[in-house]
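FYI, side chains are in, hydrogens and waters are out, and symmetry mates aren't considered; it's all heavy atoms of this structure. The structure displayed is predicted, hence computed values, not measured ones. Letters go in sequence order (proteins before strands), and every chain restarts at 1.
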Number of protein chains: 2
Amino acid sequence: MSASLPPFPRPQEPTDEPVLLELGSGADEPCLRADAARNRARLLEAAARLVAEHGAAGVTMEAVAAAASVGKGTVFRRFGDRTGLLMALLDHSAQQLQGALLGGPPPLGPGAPPVERLQAFGTAVLRQYVDHLELQLAAQPEPTRRFSFPPQRFLTGHVTLLLRQAVPGADAPLLAQVLMGYLDPALIHHLTEECGMPLERLEAGWTDLVTRVTRTELPR
Amino acid sequence: MSASLPPFPRPQEPTDEPVLLELGSGADEPCLRADAARNRARLLEAAARLVAEHGAAGVTMEAVAAAASVGKGTVFRRFGDRTGLLMALLDHSAQQLQGALLGGPPPLGPGAPPVERLQAFGTAVLRQYVDHLELQLAAQPEPTRRFSFPPQRFLTGHVTLLLRQAVPGADAPLLAQVLMGYLDPALIHHLTEECGMPLERLEAGWTDLVTRVTRTELPR
DNA sequence: TCACGATCCGGACCGAGGTCCGTTTAAAGT
DNA sequence: ACTTTAAACGGACCTCGGTCCGGATCGTGA
């Protein structure tokens, strides 16, 4: 196995507890060598251009390498694999969302009651995914790793926390997965593009789902 | 585009309405030529053997072809792509489940109240996926097509129907997607294998989820 | 029985992701 | 400035899914 690189240091510890502090891939960059940093920037720019010109499907690792005047190996060294490269392209907006969740103004950030924060969370994520939908889809890792990727873990952890507050008796981690499942890019794509549902309907669905799930009075 | 073959005649019409009658891929097989049928059987047998010996990852299209003493092209002609082959391996149990849902004894089949049928549905699917989990995972199509594949559409349609009866006021198709999301093989794998949750917890989670979602009294 | 056409077969071929390893180079130490 | 070394580079190479098309085969109608 090649030691690859840091961007997404495979989690390893399979806990379902929130990892609130590691901001996705934002913290411990080992400070690249000058040429490496330059090439990284070049590659991201080239990739973005390719997306704009030929869509996400046109982002071939070789094409990116060529467009950045760089060897193919360099792309893999820097980003690990295709998914890593695509995720890096989305990293900025992901960081922004994480910031808003942790320290932004209510109701997204701290300060509002948990159920309201959940409502806001859903519509925020929904909207972020709907822009960049194609990229978001293409950046999806293989099914097995989907739930282990830092961004996903962060969001799920956040929801878990809010759920614990909102509905103390429930199995929060499990319910969190349910809510996150509604926000799966592939599902959003299916509902909007293939079933033709308007975004408003999805948002209403989220609202309804959250209120149903957070009802505290148990069955009967 | 190669016309490929019937096994999964790409849906084309993006409706969210249930397609209750087409039993997955079971009905309209065009009756293969003798040699084709023989090769199909050989291929399935070979694939099953490879799964047993080397796991799903060992099921290479070339390996299957070789093990069945058949050309590679033949595999693709018959099954369309890797996913198609793997799905064919799971077809039997899928058909069985569909039969039980449509005509089996309650509470899985008709006759029980919808909420009870939903409960039974979840545990049945959960169990079916947990056996064959590796295969189920490997057979997963690329994200974009996941929701369009006949078996998935059938199950989702079934749930939609039950939800319409159980909770008339709600957006049944959307809620159905939520419930089906809980039964995503990748999620099941993550929770059981990586988080170490026992199956009982997942089943309890399903029960809880269904009761929460089907509560009719609206918020306040 | 024979001929003919639709169907099927096989494996060469292609593209893309991912790996390997000999070479180059930034940058820290002397 | 010179040495040293860990890091980065580049592109040949491998694997595997998927396509193509000339040739073999089945089954049908005469």
Peer 1: What residues, two or more places apart in sequence or in another chain, satisfy side-chain hydrogen bond (donor to acceptor under 3.5 Å, both in side chains) together with A:Asn39?
Peer 2: none

Peer 1: Once side-chain hydrogen bond (donor to acceptor under 3.5 Å, both in side chains) is applied, do any residues pair with B:Arg146, and if so which ones, sequence neighbours excluded?
Peer 2: A:Asp184

Peer 1: Checking side chain to side chain contact (heavy atoms under 4.5 Å, CB included) for the pair A:Leu101/A:Phe154: CA distance, chi angles, key distance, verdict?
Peer 2: CA-CA 10 Å; A:Leu101 293 177; A:Phe154 172 83; 3.9 Å; yes

Peer 1: Is it true that B:Ser148 and A:Glu194 share a donor-acceptor pair across their side chains at a distance under 3.5 Å?
Peer 2: yes

Peer 1: Which residues, if any, of residues 41-55 of chain A bring a heavy atom under 4.0 Å of DNA chain C?
Peer 2: none

Peer 1: Would you give a per-nucleotide map of nucleotides 25-30 of chain C, 5' to 3', where B means the base has a protein non-hydrogen atom under 4.0 Å away, S means only the sugar-phosphate does, and - means neither?
Peer 2: BSS---

Peer 1: Does D:dA8 have its OP1 or OP2 closer than 4.0 Å to a side-chain nitrogen or oxygen of A:Thr74?
Peer 2: no

Peer 1: Taking only residues two or more places apart in sequence, or in another chain, which ones meet A:Arg38 in a side-chain hydrogen bond (donor to acceptor under 3.5 Å, both in side chains)?
Peer 2: none

Peer 1: Looking at A:Ala36, is its backbone amide N or carbonyl O close enough to the side chain of A:Arg78 to form a donor-acceptor pair, meaning the two atoms are under 3.5 Å apart?
Peer 2: no

Peer 1: Quick one: which residue pairs count as a side chain to side chain donor-acceptor pair (under 3.5 Å) with a foot in residues 49-69 of chain B, not counting sequence neighbours?
Peer 2: none

Peer 1: Measuring from atom CE of B:Met87 to atom CZ of B:Phe79, what distance do you get when rounded to the nearest 0.5 angstrom?
Peer 2: 12.5 Å

Peer 1: Within this structure, what is the CZ-to-C1' distance between B:Phe76 and C:dC14, rounded to whole angstrom?
Peer 2: 13 Å

Peer 1: Not counting sequence neighbours, which residues clear side chain to side chain contact (heavy atoms under 4.5 Å, CB included) with B:Ala68? List them please.
Peer 2: B:Arg42, B:Leu43, B:Ala46, B:Val70

Peer 1: Just jot down the side chain to side chain contact (heavy atoms under 4.5 Å, CB included) partners of A:Gln136, sequence neighbours excluded, or say none.
Peer 2: A:Leu90, A:Tyr129, A:Pro185

Peer 1: Using atom CZ of A:Phe79 as one end and atom C1' of C:dT19 as the other, report the distance to the nearest whole Å.
Peer 2: 18 Å

Peer 1: For B:Glu142 and C:dA16, give me the distance from atom CD to atom C1', rounded to whole Å.
Peer 2: 14 Å

Peer 1: If I take atom CZ in residue B:Arg82 and atom P in nucleotide D:dT19, what distance separates them, rounded to the nearest angstrom?
Peer 2: 15 Å

Peer 1: Starting at CZ of A:Arg201, measure out to SG of A:Cys195 and round the result to the nearest 0.5 Å.
Peer 2: 8.5 Å

Peer 1: Could you identify which residues of residues 57-72 of chain A place a heavy atom less than 4.0 Å from some atom of DNA chain D, listed by residue number, or say none?
Peer 2: A:Val70, A:Gly71, A:Lys72

Peer 1: OP1 or OP2 of C:dC9 versus the side-chain N and O atoms of B:Arg78: is any pair under 4.0 Å?
Peer 2: yes

Peer 1: Round to a whole Å and report the spacing from CG of B:Leu85 to P of D:dG17.
Peer 2: 10 Å

Peer 1: Using the test salt bridge (charged side-chain N to carboxylate O under 4.0 Å, His left out), find all partners of B:Glu142 that sit at least two apart in sequence or belong to another chain.
Peer 2: B:Arg145

Peer 1: Based on the rotation axes of five pairs at each end, what angle does the helix from C:dT1-D:dA30 to C:dT30-D:dA1 bend through, to 10°?
Peer 2: 0°

Peer 1: Under 4.0 Å between a side-chain N/O of B:Asn39 and OP1 or OP2 of C:dC8, yes or no?
Peer 2: no

Peer 1: Run the side-chain hydrogen bond (donor to acceptor under 3.5 Å, both in side chains) test against A:Arg127 and tell me which residues pass, sequence neighbours left out.
Peer 2: A:Glu203

